[in-house]
Amino acid sequence: MGIINATPDSFYNNSRKVYVDDAVLQAETMLNEGASILDIGGYSSRPGADHVKEEEELNRVLPIIEAIKNKFPNSIISIDTFRSNVAKNATYFGADIINDISGGNLDDKMFNTVKELNIPYIMMHMRGTPQTMKSLTDYPKGVTFEVMKYFAEKSQEFLSDGTADIIIDPGFGFAKTIEQNYELLQNLHLFKELNLPILVGVSRKSMITKKLGITSSEALNGTSVLNTLAILKGAHILRVHDVKPAVECVKLIQ
């Protein structure tokens with residue numbers, strides 16, 4: 001899954017594609033490099049990011065989705081949003097998957113929207129909002145146990161009525177300390193017990209940069225290392241800024 005951020009303030013500068021033509025070029029590059037999915041987001045979810053109004057988020061993502069689908073009609077696009085109305089409109093413009101960082105917790109209409117649209121849903125674990133999540137890292141029963149419990153309960157809300165096209169994302173960097181991120185990665189194989197596809201997004205994140213004392217622009221090697229470990233632990237989808245190195249990880253492991 002290649003990341004295309006329609007935002008001016010995402011943490012990794014090279015992923016920012018606020019202009020439609022730039023985003024289409026980025027999409028073409030990623031598809032040529034082997035991306036299976038293009039993830040389009042208009043709301044930066046980095047810690048402490050500015051709040052963005054729904055209208056602005058729509059204005060950012062819809063033209064990009066439409067342009068990419070027009071040029072690459074067979075491409076698979078996920079809309080990275082926690083708002084049900086943004087998700088619904090994005091599907092009208094061509095999005096195929098909903099990627100929700102909040103797992104429905106920030107919009108109580110999201111689950112019904114997913115069921116209504118009948119498309120795959122990526123359910124991530126996060127506490128609070130991007131503005132508050134850094135202060136919500138207390139897991140009395142352990143981060144692995146509590147994140148697994150979260151997915152078991154959340155997914156049951158879908159599975160109980162036959163809706164089962166769910167992908168889970170442990171949410172590395174979202175309401176978790178660096179140590180908790182590594183504990184989750186070490187225990188990723190346990191999530192296979194949920195019998196749901198697993199998405200991992202560690203690309204150029206602070207769990208790499210802070211551990212190594214480097215910047216996000218220097219974190220490609222660290223990303224490849226952790227992506228490799230994630231695949232070996234059971235990840236099915238890698239969400240990345242750099243598609244070619246991730247594809248190479250997959251090919252070599254296979």
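Throughout, residue positions are numbered sequentially from 1 according to the sequence presented.
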Checklist entry - For F145, does its backbone N or O pair with a side-chain atom of Y139 as donor and acceptor, under 3.5 Å? => result no

Checklist entry - If only atom types and distance count, is the side chain of N227 paired as donor or acceptor with the main-chain N or O of A246 below 3.5 Å? => result no

Item to check | Shared hydrophobic cluster for V86 and L62 (ILVMFWY, side-chain gaps under 4.5 Å) | outcome: yes

Would you compute the distance between atom [atom1] of [X] and atom [atom2] of [Y] and round it to the nearest 0.5 angstrom?
{"X": "K205", "Y": "I178", "atom1": "NZ", "atom2": "CD1", "result": "12.5 Å"}
{"X": "I40", "Y": "I65", "atom1": "CD1", "atom2": "CD1", "result": "6.0 Å"}
{"X": "Y121", "Y": "T113", "atom1": "OH", "atom2": "OG1", "result": "9.5 Å"}

Can you confirm whether the side chains of [X] and [Y] place a donor and an acceptor under 3.5 Å from each other?
{"X": "T137", "Y": "Q180", "value": "no"}
{"X": "S78", "Y": "N99", "value": "no"}
{"X": "N105", "Y": "K154", "value": "yes"}
{"X": "Q26", "Y": "T29", "value": "no"}

Next on the checklist: Contact between T228 and L232 at the side-chain level, heavy atoms closer than 4.5 Å - yes or no?
Outcome noted: yes

Checklist entry - Does D96 pair with K69 as a salt bridge, N-O distance under 4.0 Å? => result yes

Item to check | Ion pair K176/E183, N-O distance below 4.0 Å | outcome: no

Item to check | Nearest non-hydrogen partners of A67 and V24, listed with the distance | outcome: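 The answer is CB-CG2, 3.7 Å.
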
Checklist entry - What closest approach, in Å, do S155 and L196 show between heavy atoms, and which atom pair accounts for it? => result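 Here S155 and L196 meet closest at CB-CD1, 3.8 Å.
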
Checklist entry - With Y150, which residues qualify under ring-ring contact (aromatic ring centres under 6.0 Å, His included), at least two apart? => result H125

